[in-house]
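In what follows, residues are counted from 1 in the order of the sequence shown.
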Amino acid sequence: MASAAKQSKARPAELTGRRATETRDKILQAATQQFAERGFDGAKFREIGDVAGVSFQSIRYHFGAKEQLWKAVVAHLSNDAEDAMLHHEQALAGLAPEQQLRAQIRAIVAYQAAHPELQRILLREAMKGSARYRWAFDRHVKRLEKSATRFLGKLQAEGVIKPDIGLEDLFYVFRGAINYRLVAPPAGDVRAGS
């Protein structure tokens, strides 16, 4: 009998926790879309709430001010990107170093093409030179850089990458190329007569 009473008390708390997590996830998804499409200044809590199917007050309850929501979105997207990169790196361990590099580049490009939101959000802030971008750079971009340069460093030690190439520079050249591809029209669209 006591066991049944404990179970009935645990269920509402468990459901409440699950609902709170689901609500946070819906808000993060909606905010990601709004920040990527409209930027920080253009994204509005009411529109985020409409897309997420939650109230304006629910967003405030879970995230506080818009700045905190923006930071939560960037942290969430950065963590997802890093997890995907590390997971793929582990899956490549059995390949020859040259094949690892090619496969990782393809995987990163494919991931960024499928999930361009983080790059779009960061590019908007970088163009403004905002404090938000500096925060994201210091906390998240630098972490992604460290992860990527660690991987590139292993390949450099194996002779796949020339020893005189700076790995941080290589990381930013590669990131810049991906960013450009996400914001520039496809080559076929810019040729004369297209």
Side-chain angles (χ1 to χ4, degrees), residues 21 24-25 28-29 31-37 39-40 63 67-191:
T21 300
R24 281 181 60 84
D25 289 347
L28 281 173
Q29 287 176 346
T32 296
Q33 174 190 346
Q34 294 294 310
F35 287 134
E37 290 175 6
F40 180 83
F63 294 99
E67 184 92 13
Q68 282 72 38
L69 177 58
W70 185 91
K71 288 179 177 181
V73 165
V74 169
H76 176 73
L77 294 173
S78 296
N79 291 337
D80 281 355
E82 187 173 23
D83 288 347
M85 189 168 67
L86 291 174
H87 175 73
H88 194 259
E89 181 183 331
Q90 291 166 354
L92 300 175
L95 297 177
E98 295 87 5
Q99 291 173 324
Q100 286 183 30
L101 180 60
R102 284 186 180 99
Q104 186 71 318
I105 289 171
R106 283 187 195 106
I108 291 170
V109 170
Y111 181 86
Q112 293 298 336
H115 307 282
E117 299 85 4
L118 178 61
Q119 299 309 317
R120 289 180 179 159
I121 290 168
L122 293 179
L123 280 171
R124 287 177 177 278
E125 294 303 317
M127 290 188 313
K128 293 191 289 186
S130 73
R132 280 183 297 281
Y133 179 74
R134 175 52 51 196
W135 175 88
F137 183 85
D138 291 343
R139 286 209 163 85
H140 299 289
V141 177
K142 291 296 276 181
R143 197 176 81 225
L144 290 170
E145 174 195 314
K146 282 183 182 179
S147 184
T149 55
R150 181 185 45 74
F151 172 74
L152 294 171
K154 286 192 279 185
L155 297 178
Q156 193 173 51
E158 300 215 24
V160 176
I161 298 171
K162 292 182 181 181
D164 60 338
I165 293 178
L167 299 179
E168 291 86 6
D169 294 337
L170 184 58
F171 170 77
Y172 286 107
V173 165
F174 184 64
R175 298 300 294 185
I178 291 172
N179 288 342
Y180 179 77
R181 190 66 185 116
L182 292 174
V183 297
D189 293 349
V190 294
R191 289 189 198 127

Handout entry: Interatomic distance, Leu144 atom CG to Leu118 atom CG [nearest 0.5 angstrom]
Key = 7.5 Å

Problem - Side-chain ion pair, Lys142 and Asp138, N-O less than 4.0 Å - result: no

Problem - Nearest-0.5 Å distance that lies between atom OG1 in Thr32 and atom CD1 in Ile121 - result: 5.5 Å

Handout entry: Lys71 vs Phe63 side-chain heavy atoms within contact, under 4.5 Å
Key = no

Handout entry: For the student: nearest non-hydrogen atoms of Phe171 and Thr149, plus distance
Key = CB-CG2, 4.4 Å

Practice task
Count the heavy atoms belonging to other residues, nucleotides or ligands that lie under 6.0 Å from NZ of Lys128, then report whether that count exceeds 12.
Solution key: yes

Problem - Heavy-atom check, side chain of His76 versus side chain of Arg24, under 4.5 Å - result: no

Exercise for the section: Drop me the distance from Lys154's NZ to Leu167's CG, to the nearest 0.5 angstrom. Expected result: 12.5 Å

Practice task
Compare all side-chain heavy atoms of Met127 with those of Tyr133 and state whether any distance is below 4.5 angstrom.
Solution key: no

Handout entry: Within-4.5 Å side-chain heavy-atom neighbours: Phe40 and Glu125
Key = yes

Exercise for the section: State the CG-OH distance between Asp83 and Tyr111, to the nearest 0.5 angstrom. Expected result: 8.0 Å

Exercise for the section: Measure the OG-CZ distance between Ser130 and Phe137 for me, rounded to the nearest 0.5 Å. Expected result: 13.0 Å

Exercise for the section: Using a 4.5 Å cut-off on heavy atoms from C-beta on, say whether the side chain of Gln34 contacts that of Val73. Expected result: no

Completion exercise
On a heavy-atom basis, the closest approach of Lys162 and Gln156 is O-NE2, 2.8 Å

Fill in the blank from the handout: Sorted by chain and number, sequence neighbours left out, ring-ring contact (aromatic ring centres under 6.0 Å, His included) with Phe174 holds for none

Problem - Pairwise distance CG(Leu170) to CG(Leu152) - rounded to 0.5 angstrom - result: 5.5 Å

Cut-off 3.5 Å, no hydrogens considered: what does the side-chain donor-acceptor table look like for residues 97-104, sequence neighbours left out?
residue: Gln99; atom: OE1; partner: Ala96; partner atom: N; Å: 3.3
residue: Gln100; atom: NE2; partner: Leu95; partner atom: O; Å: 2.9
residue: Gln104; atom: OE1; partner: His88; partner atom: ND1; Å: 2.8
residue: Gln104; atom: NE2; partner: Met85; partner atom: O; Å: 3.4

Handout entry: Aromatic ring pairing Trp70/Phe35, orientation class (parallel under 30°, perpendicular over 60°, tilted between)
Key = perpendicular

Problem - Neighbour count >12 (heavy atoms, 6.0 Å) for atom CZ, Arg143 - result: yes

Practice task
May I ask you to test the His140-Val74 pair for a side-chain heavy-atom distance under 4.5 Å?
Solution key: yes

Exercise for the section: Indicate yes or no: at least one non-hydrogen side-chain atom of Gln112 is less than 4.5 angstrom from one of Arg175. Expected result: yes

